[in-house]
Amino acid sequence: MIRLKRIEKTFRNGGVDTPVLKGIDFSLDEGEFVALMGTSGTGKSTLMNILGCLDRATAGQYEFDGRDVVALDDVELSRLRNEKIGFVFQQFHLLPRSSALTNVMLPLVYASQYPADARERAEQLLAMVGLKDRMGYLPGQLSGGQQQRVAIARALINRPRLILADEPTGNLDRQSALDILDLFSDLHRQGHAVVIVTHDQEVAARARRVLHMVDGRFEREEVRP
Amino acid sequence: MRYGRNLSISVGILMAHRLRTSLSVAGVVVGVAAITVVVSVGNGMKADIEDEFRAMGSELVVVRSGRFRSHGGRPHQIADVTTLTEEDAEALQGMSSDVKAVGPCVSRPMVVKNGTLSTQSTVEALSFAAVGIRNLSVSSGRLFLAGEMGVRRTVAVLGAGVAENLFEGEDPVGRLITVGRLPFRVIGVAPTLGTDINGNDQDNVVYIPLDTGMRRLFHVTYLQTIYVKGVDAASLSRIEEQAGRLLRTRHKLRPQEEDDFTLQNQVTMLEAALQTSASMTRLVGSVGAICLVVAGIGVLAVMLMSVRERRGEIGLRRAIGARQSDILLQFLSEAALLSVSGGLIGLALGALAVALANELQWARADFSVQAALLSFTVSVTVGLLFGIYPARKAARLHPAVALTSAG
Ligand SMILES: Nc1ncnc2c1ncn2[C@@H]1O[C@H](COP(=O)(O)OP(=O)(O)OP(=O)(O)O)[C@@H](O)[C@H]1O
Ligand SMILES: [Mg+2]
């Protein structure tokens, strides 16, 4: 589904160059569950942004479903994000003044076609993440774990095939984190490809592939049977 | 369709920041309301002035005895002179074919009594022609008859104010009043006219025949005012010039001597009065316009604050598929929402103030649809213009940076 070749990323700020990614080769098949690990500042988030088409690599090739991502413009990239990728962030990023239901439906606003069953879909997803009786709540009225579940439901509303989660349990307590991880495992079982960034060995243990990043490169890859 | 759904979310966000939103909207409200009210009051003022001159008849040259100087558009007599006479009036009548009618008048402040009730009012003695030129009318009784003039009859037409003061609601027609020491029979009462543009009370007046006034009451041989009606507006400047020459000759003035009379062309006066009121309207109106620009800056400030505060939201929207143009449009519509709602509130307040001003008789205000629409359009345009910069800023925010910098 995804193929990265010799991806490099250098941040340029006021004449100072900060090379962050230094030649990443990576491919991801349909339905794979991959964990990305590494110490702080090694470039995991930077790589996730490039994978999610939120940022462009300085050099290298990126193919998504056979399409050359590097050549896509803003409109095409936005459409690709909308249709094929679901994001889950450490900070949830929910609209604070909108209900859980409205938050889940938000990506449909940017869909090329607004589905007739938008509301049912959102309700179904909220039920799936265990928030059937919290649909009208504002984010501030929900716990961290519940907020992250809303965010996961939102990531799924457009039925993307790839879920990108950058430290989704970083702000959560142990139990909430485990619940969220169970959700990701479920998604993987349902056939979604999942890339998850984590510092947690236990999280990584759920993935079939674990990539260890050091200083902008993949240093080591574990593959479990 | 995608914008419609988004707009309701925007409304929610703006409503959530009530204080901030109302502050930014306040400028627009004040600007639009101010312009609407000012232009409406200006319109009312203009209509008042026009009505006044129309009532007087605008095709008029007014000859006053003595020299007048204009103070803030109002004539003030410098010296009383006794050289303007009935013969002058006759001479003016025969002066040229431009002259349609000539109406001489003389007036004095006097005490007017009905039994124990008395009041100080302006007693105006005028000729039959002057009654016609001045467009005097009565709400009850009748005006002077041609046959009553020139035979020193003691009949009077009361202004509405005098009638109220002396008769307190009773019908004065047919009753006797005393002017000075002379008894007069009331034949009519004029309708309420209010004050003229010079601030004179037009209702505190008693009208009597010219010869009665001159020879039985004031004991004077000279006139104060001669109204000269021209055949049309174009004839006025000719009349002004000819009358000046005629009167100088008749009064035997040497070339180095100044006029002992003053000529006022009503058309010129009307134009001057309208100009004064228009420049007032423009002045206050431009304050409103400045208000709108300030309001635009208010919108700008609120939008910039909003963009800064909502970087996380912007980043998220980009992540879930918003294009740059979607973000641009969203923030532009929020700016438009601010200015449109401010404009609507301003319009409503302006209309209310105009209605109130008329109802409570603070000022005559003719609601100006044009000014209302113009100020509304300007306010929305200003809001949009000042919304462009923050909206572009939001749209150009790098999605990855927006997501991480939001905390
Ligand atoms: N916009 C930017 N401009 C300049 N440098 C940046 C920018 N974004 C990230 N960096 C730098 O790139 C490096 C990698 O950052 P990144 O966020 O990818 O690390 P990370 O592996 O996700 O770390 P963490 O585990 O703490 O989230 C850091 O040194 C950071 O300072
Ligand atoms: Mg990171």
Side-chain angles (χ1 to χ4, degrees), chain A residues 9 11 13 20 45-56 73-99 102-114 118-119 138 140 151 154-158 160 164 166 171, chain B residues 1-21 302 305-334 337 391-407:
Chain A
K9 177 71 183 178
F11 288 108
N13 272 332
V20 175
S45 294
T46 305
L47 177 58
M48 289 293 267
N49 284 337
I50 290 172
L51 281 177
C53 305
L54 290 169
D55 202 355
R56 291 177 186 275
D73 63 15
D74 178 63
V75 173
E76 293 163 321
L77 286 177
S78 300
R79 181 159 183 182
L80 185 133
R81 288 195 297 269
N82 181 254
E83 291 174 353
K84 300 198 171 169
I85 306 174
F87 292 88
V88 180
F89 304 98
Q90 186 175 348
Q91 303 94 330
F92 322 139
H93 286 306
L94 300 174
L95 298 189
R97 317 281 177 183
S98 300
S99 70
T102 308
N103 266 292
V104 172
M105 286 160 68
L106 193 61
L108 297 176
V109 167
Y110 301 109
S112 44
Q113 210 161 25
Y114 193 85
R119 200 191 165 88
L138 295 178
R154 177 182 63 194
L156 297 173
I157 190 88
N158 264 332
L164 296 178
D166 193 345
N171 280 356
Chain B
M1 168 159 99
R2 65 201 276 174
Y3 304 118
R5 278 173 220 291
N6 227 337
L7 208 58
S8 65
I9 294 176
S10 289
V11 172
I13 290 166
L14 293 175
M15 295 286 278
H17 294 101
R18 248 174 241 110
L19 179 67
R20 201 169 74 185
T21 302
V302 167
M305 215 189 298
S306 185
V307 169
R308 182 195 298 268
E309 217 169 74
R310 288 159 64 191
R311 293 166 82 137
E313 177 192 331
I314 295 165
L316 172 88
R317 285 177 184 271
R318 297 282 279 137
I320 60 177
R323 312 169 196 146
Q324 287 197 344
S325 59
D326 292 325
I327 302 293
L328 185 81
L329 217 83
Q330 179 189 340
F331 280 86
L332 269 186
S333 1
E334 286 182 19
L337 217 61
R392 276 171 70 111
K393 213 172 151 118
R396 290 184 173 184
L397 211 52
H398 194 290
V401 173
L403 278 166
T404 48
S405 63

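To find a chain, count down the sequence lines: A is the first, B the second, and so on, and within it residues start at 1.
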Q. Given a strict heavy-atom distance threshold of 4.5 Å, which part of A:D55 is in contact with chain B: side chain, backbone, both, or neither?
A. both

Q: Return the option, out of A:V75, A:T102, A:T46, A:L54, with the maximum number of heavy-atom pairs under 4.5 Å with chain B.
A: A:L54

(Q) Does this structure show an ion pair linking B:E334 with B:R310, if we count only N-O contacts that are shorter than 4.0 Å? (A) yes

Q) In terms of heavy-atom proximity below 4.5 Å to chain B, should A:R81 be classed as side chain, backbone, both, or neither? A) both

Q) Quick one: of A:G52, A:C53, A:P107, A:G86, who has the most non-hydrogen atom pairs under 4.5 Å with chain B? A) A:P107

(Q) Ignoring hydrogens and geometry beyond distance, is a side-chain donor-acceptor pair present between A:S98 and A:N103 at under 3.5 Å? (A) no

Q. Has the side chain of A:N158 got a donor or acceptor atom that lies under 3.5 Å from a matching backbone atom of A:P160?
A. no

**Q.** Pick from A:L77, A:L94, A:D74 with the largest number of heavy-atom pairs that fall under 4.5 Å of chain B
**A.** A:D74

Q) Once you round to the nearest 0.5 Å, how far does CD of A:Q90 lie from CG of A:N171? A) 4.5 Å

Q) Checking side chain to side chain contact (heavy atoms under 4.5 Å, CB included) against A:K9, which of A:L47, A:I50, A:N49 comes through? A) A:I50

